[in-house]
Amino acid sequence: MDGTEMRYDAFISYRHCEPDKYVALAIQKKLENYRIPSDVASKLGKKRLMRVFRDESEFAVSDDLSEAIMEALKQSEYLIIICTPRLKESEWCRKELETFLKLRDRKHILLVLAGGEPEEVFPEILLYEEVSRTDMSGNEVMIREKREPLAADCRGKTEKERKHNMELSVIRLVASILGIGFDDLVQRHRRQRIFRRNLITLAVVLIITFIAAQALYFTHRISEQNRIISEKYADIMASTSERLLADGRRMDAIYAARSVLPDKKGEDVNIHAFRALVDAEGLFTSPMQYSCSNILSIPTSIFTAEISEDASLVGLLGYNAYRYIVDTATGEMLYSYEDEISVGGIMAFDGSSGIYMRRPNGPLYYRDLKTGEETKIIDGDGSVYSIPGTTGVILLTEKGVSRYKEGALVYFVDNESLGKKKERGFFAQNLYFSSDGKHAAVHFLTLEMKDYVIQFNVESGEAEAYADVGKSIDAMAIDGETIVYTVSYDGTSEVGCYDVAKKEISLKKEIDGIGYVYACINKGNALVARDDIAVLLNVPKGTMRSFGLRSGCIRVLPYEDQLMLIDYGGDYYLCDDTDQRYCSLDDSEENVFNFFDYKNGKFFLAVNGESYITIYERIKTEYCRSYNEESSTNIPNGFADSEATEAFEKRICEKYGDMDATYIYSSGISTDKKYGYIQTWNRQVKIYDLADAELKQTLYDCDSYIYGMYYEEETGLYYITSFTTFVCDSEMRHVMTLHDATVVATIDGTGELLIEDVDGNNFILKRVSYEDVIKEADRRLDAYEPDEAAREKYGF
């Protein structure tokens with residue numbers, strides 16, 4: 001020592017990058033704020049350490065920073081080095097260490113292990129020391145002996161573990177600086193912390209006791225305020241649940257509502273939250289009804305999309321010319337790349353394991369989504385199609401037809417061999433699959449401008465049929481047995497059916513207008529469509545009928561035993577040769593959809609100009625089951641007793657001066673004759689106690705005519721019925737809503753309710769208790785936790 005005054009207890013040497021910088025700053029703050037245990041402090045004559053030097057906190061930028069650091073090194077008792085894998089890259093840190101070793105011995109150098117392994121990150125000069133030893137001949141020799149420098153380890157696998165190890169590292173550094181045992185200091189630190197905690201606890205207890213003694217008079221008011229706060233918070237979470245459900249985040253909606261509901265029914269149940277939970281669970285959703293299950297977003301408006309055959313993945317093409325591959329269950333973006341928006345992109349799924357894709361002006365590649373490996377398929381142009389119901393794709397090029405699976409070629413058939421006809425060139429126009437993926441048909445055009453359709457076996461690539469159906473094919477569909485097609489000429493259109501087995505056209509009919517560019521076939525029924533009209537055919541019978549569309553057609557496809565037509569308004573038609581049924585998925589009549597598809601039991605809708613796609617699917621629940629024609633008894637409507645209803649109206653109008661007969665839209669009496677309801681022209685339903693004419697409940701935004709109020713004796717619930725049914729308990733609290741459902745009858749013998757949905761489907765409503773709803777929520781949630789993005793966005 002040269003008598004230099006020690007201004008600093010320690011000098012921290014570190015690389016000025018992360019995580020080194022973060023650890024250095026944390027160590028500095030914790031050392032300078034560390035309170036030395038009182039018994040040690042009394043011996044040392046100080047309660048805290050002196051200042052800890054860290055260059056960024058001590059000096060502004062100067063012309064000669066090295067002199068300032070040299071001076072700080074001289075005035076520091078210890079050197080603390082933050083060790084990470086990149087420490088050895090720092091020439092500056094090396095100089096600081098070498099300089100300090102000239103001033104102090106190795107015992108004054110302390111290491112903090114912040115990353116990597118000790119032998120990799122510790123300075124080599126500290127791992128070895130040259131010492132003098134006597135060899136077997138009695139000569140003095142210098143050898144390198146391995147040394148284990150003093151080190152504190154603040155690494156950890158989790159943030160919690162790293163914070164804990166950081167606290168222990170600081171204590172270890174303090175113990176070294178003060179020259180006392182680490183374990184001893186830990187125990188002193190723990191005793192001091194326990195003492196402070198006990199002191200604080202005692203103080204808190206005394207304060208609480210004092211406040212409780214002073215505030216005994218206000219206990220009831222405080223309790224009531226707490227109840228109000230809890231109730232308001234529950235209302236907020238209920239509204240949050242409704243927002244989450246509207247945004248397609250069903251699990252998060254269940255989580256939000258369940259978080260503010262008790263396990264058992266009692267006075268502290270928030271009815272708004274319970275109603276939101278029932279809606280989120282979808283317990284009373286018709287078995288035939290589709291509900292929003294998820295919403296997937298990308299950073300730009302959606303141009304079009306591709307859906308994998310199992311509906312587990314979606315490839316969203318944005319107007320920014322990027323394709324985004326998204327997991328439909330989690331919303332996780334698996335991959336994105338630049339695509340060609342001008343042609344709608346070139347992309348197809350190979351099951352759920354990989355994609356075939358083409359970047360602008362580049363080759364066609366197969367990309368494995370799990371490994372990220374890419375395999376080049378072709379350099380030239382070509383169209384690629386996912387095979388329905390299985391893995392693999394079919395590739396059409398100017399040379400022929402190829403099948404690939406997981407990036408490997410399965411077979412290739414050139415166009416002329418496939419056609420078995422020596423025309424002057426075959427140019428593939430489009431490819432069509434049967435719904436089971438076993439057959440495919442290619443529409444070819446020759447140099448003589450002739451149209452041909454060649455059907456082949458997808459598994460083997462062998463041709464099955466060769467059909468000359470005429471010129472200008474607009475649309476086509478196959479089922480393996482029949483090829484349905486439309487052609488246009490001279491301002492008219494024609495629909496035809498080609499029999500594959502007989503190898504002849506079995507049906508040909510003229511249809512009105514032109515532009516029938518959509519076609520599908522299923523179970524002997526065929527459907528062709530254009531923007532405003534659809535034509536249905538029964539192929540075996542040769543019959544045909546047509547029907548008009550509410551908005552333009554997006555696509556047609558098989559659906560169970562029927563045919564489905566999807567339009568731009570968020571609606572779809574289910575039809576066969578005898579009937580068609582109009583169904584709606586989207587609540588808004590103003591939305592226009594630029595993408596609408598159905599895959600593996602799920603609907604996918606993309607609103608024009610929006611950056612999200614909505615997924616609809618059926619919610620399976622044991623609380624609703626399809627009606628199997630058991631005997632039932634119609635529920636009487638609320639105005640069956642017209643005299644009693646008129647007397648009720650008159651009494652209410654007399655008692656409430658702001659209401660008269662012109663204000664009433666509908667009215668009635670509950671089936672147990674305990675309550676009466678009045679529906680007003682402003683879409684409100686007011687429910688009154690018949691005994692004293694007191695208003696018990698007001699239901700808002702009821703868009704349809706209320707025609708009954710049924711009392712279910714077994715549950716004590718009231719069902720106020722319109723196209724949507726409102727369910728109230730015996731105290732007229734609105735506990736549930738049966739959306740798009742009407743109570744029409746009771747099942748004889750069981751008394752269960754028969755419900756009819758908006759599409760005319762009947763189902764039976766199972767009785768459910770409060771505890772049943774809670775158990776169902778807990779079953780679904782299990783260990784589920786919303787992600788941080790959802791918590792931050794929705795505030796829960």
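When a residue number appears, it is its place in the shown sequence, counting from 1.
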Do Ile613 and Phe595 come close enough that some side-chain heavy atom pair is under 4.5 Å? yes
Would you call Thr328 and Leu296 a side-chain contact if the rule is heavy atoms closer than 4.5 Å? yes
Compute both the distance and the angle, then confirm whether Arg367 meets the cation-pi test with Tyr335: under 6.0 Å from the six-membered ring centre, within 45 degrees of the axis. yes
Under a 3.5 Å threshold, yes or no: a donor from one side chain and an acceptor from the other, between Asp576 and Thr578? yes
Are there more than 12 heavy atoms of other residues, nucleotides or ligands under 6.0 Å from atom NZ of Lys405? no
Look at atom CG of Asp512 and say whether more than 12 heavy atoms of other residues, nucleotides or ligands are closer to it than 6.0 Å. no
With a 4.0 Å cut-off, would you call Glu752 and Arg625 a salt bridge? yes
Given Phe726 and Tyr719, is the ring pair (Phe, Tyr, Trp, His ring centres under 6.0 Å) satisfied, shown in steps? CA-CA 6 Å; Phe726 302 94; Tyr719 295 81; over 10 Å; no
Set out, in order, the CA-CA distance, both residues' side-chain angles and the distance that settles salt bridge (charged side-chain N to carboxylate O under 4.0 Å, His left out) for Arg403 and Glu459, then state yes or no. CA-CA 9 Å; Arg403 181 178 179 183; Glu459 186 67 25; 3.4 Å; yes
To the nearest 0.5 Å, how far apart are CG in Asp339 and CD1 in Ile346? 7.5 Å
Heavy atoms of other groups near Ile514 CD1, more than 12 under 6.0 Å: no
Can you tell me if Glu481 has over 12 outside heavy atoms packed within less than 6.0 Å of its CD? no
Return the CG to CD1 distance between Leu317 and Ile302, rounded to the nearest 0.5 Å. 9.5 Å
Between the side chains of Ser488 and Asp474, is a donor N or O closer than 3.5 angstrom to an acceptor N or O? yes
Nearest heavy-atom neighbours spanning Cys520 and Leu563: SG-CD2, 3.5 Å
Minimum heavy-atom distance Ser241-Ala257, with the two atoms named: OG-CB, 3.7 Å
Give a yes/no verdict on a cation-pi contact between Arg555 and Tyr518, requiring under 6.0 Å between NZ or CZ and the six-membered ring centre and an angle within 45° of the axis. no
Please determine if Arg250 and Glu281 form a salt bridge, counting it only when a charged side-chain N lies under 4.0 Å from a carboxylate O. no
Polar side chain donor-acceptor pair, Gln455 to Tyr498, under 3.5 angstrom: no
Take Ile521 and Val539 through the test side chain to side chain contact (heavy atoms under 4.5 Å, CB included) and record every step on the way to the result. CA-CA 9 Å; Ile521 184 171; Val539 177; 4.3 Å; yes
How are the rings of Tyr385 and Phe433 set relative to one another: parallel (under 30°), tilted (30 to 60°) or perpendicular (over 60°)? perpendicular
Run the ring pair (Phe, Tyr, Trp, His ring centres under 6.0 Å) test on Tyr573 and Phe547 for me, step by step, so that the C-alpha distance in whole Å, both residues' side-chain angles and the decisive distance to 0.1 Å come before the verdict. CA-CA 11 Å; Tyr573 299 78; Phe547 63 92; 5.6 Å; yes
How would you list, by chain and number, every residue that makes a side chain to side chain contact (heavy atoms under 4.5 Å, CB included) with His739, sequence neighbours excluded? Asp279, Thr737
How about CZ on Phe723, more than 12 heavy atoms from neighbouring residues, nucleotides or ligands closer than 6.0 Å, or not? no
Could you check Val453 against Tyr466 for side chain to side chain contact (heavy atoms under 4.5 Å, CB included), going step by step and ending with a plain yes or no? CA-CA 6 Å; Val453 177; Tyr466 182 92; over 6 Å; no
So Leu283 and Glu776, do their side chains get closer than 4.5 Å, heavy atoms only? yes
Nearest heavy-atom neighbours spanning Cys497 and Thr482: CB-CG2, 3.8 Å
With side chains defined as the heavy atoms from C-beta onward, is the minimum distance between Val401 and Ile394 less than 4.5 Å? yes
For ring pair (Phe, Tyr, Trp, His ring centres under 6.0 Å), just list the numbers for Tyr452 and Phe444, CA-CA rounded to whole Å, side-chain angles, deciding distance to a tenth of an Å, and then say yes or no. CA-CA 5 Å; Tyr452 293 96; Phe444 283 106; 8.6 Å; no
Determine, step by step, whether Phe603 and Phe596 satisfy the ring pair (Phe, Tyr, Trp, His ring centres under 6.0 Å) criterion, reporting the C-alpha distance in whole Å, the side-chain angles of both residues, the deciding distance to 0.1 Å, and the verdict. CA-CA 7 Å; Phe603 283 99; Phe596 195 165; 5.7 Å; yes
Tell me the closest heavy-atom pair linking Ala526 and Val484, and the distance in Å. CB-CG2, 3.8 Å
If you round to the nearest 0.5 Å, how far is OH of Tyr290 from CD of Glu617? 9.5 Å
Output for pair (Tyr516 OH, Cys553 SG), nearest 0.5 Å, gives 11.5 Å
Side chain to side chain contact (heavy atoms under 4.5 Å, CB included) for Leu565 and Leu549? Distances and angles first, verdict last. CA-CA 9 Å; Leu565 184 149; Leu549 306 178; 3.8 Å; yes
Might you point out which heavy atoms bring Ile298 and Gly318 nearest each other, and give the distance in Å? CD1-CA, 4.2 Å
Salt bridge (charged side-chain N to carboxylate O under 4.0 Å, His left out) between Asp532 and Arg530, intermediate numbers included: CA-CA 6 Å; Asp532 59 345; Arg530 63 180 193 181; 2.8 Å; yes
Between Asp327 and Leu313, which heavy-atom pair has the shortest distance, and what is it? CA-CD2, 4.0 Å
I'd like to check Leu765 versus Phe284 (side-chain heavy atoms, cut-off strictly below 4.5 Å). Are they in contact? yes
Does Lys599 pair with Glu309 as a salt bridge, N-O distance under 4.0 Å? yes
In Å, rounded to the nearest 0.5 Å, how long is the span from SG of Cys583 to CD1 of Ile566? 11.5 Å
Apply side chain to side chain contact (heavy atoms under 4.5 Å, CB included) to the pair Tyr337 and Ile355, showing each step before the final yes or no. CA-CA 12 Å; Tyr337 65 96; Ile355 59 172; 4.1 Å; yes
Roughly how far, to the nearest 0.5 Å, is the CD atom of Glu242 from the CG atom of Leu277? 11.5 Å
Crowded around Tyr322 OH? As in, over 12 foreign heavy atoms under 6.0 Å? no
Kindly check if the number of other-residue, nucleotide or ligand heavy atoms within 6.0 Å of NZ (Lys503) is above 12? yes
Whether Asp782 and Arg780 form a salt bridge (side-chain N of Lys/Arg under 4.0 Å from carboxylate O of Asp/Glu) is what I want to check. no
Would you check if there is a donor-acceptor pair between the side chains of Tyr356 and Asp350 at a distance under 3.5 Å? yes
Quick check: does any side chain N or O of Ser312 sit under 3.5 Å from a backbone N or O of Ser352, one acting as donor and the other as acceptor? no
Less than 3.5 Å apart, any donor N or O on the side chain of Glu756 or Thr742 sitting next to an acceptor on the other? no
Is it true that a side-chain atom of Asn525 and a backbone atom of Gln562 form a donor plus acceptor pair closer than 3.5 Å? no
For atom CG of Asp381, decide whether the heavy atoms of other residues, nucleotides or ligands shown that lie under 6.0 angstrom number more than 12. no
So Tyr559 and Tyr572, would you call those rings parallel, tilted or perpendicular, with 30° and 60° as cut-offs? tilted
Mind checking whether Phe763 and Asp757 have side chains closer than 4.5 Å, heavy atoms only? yes
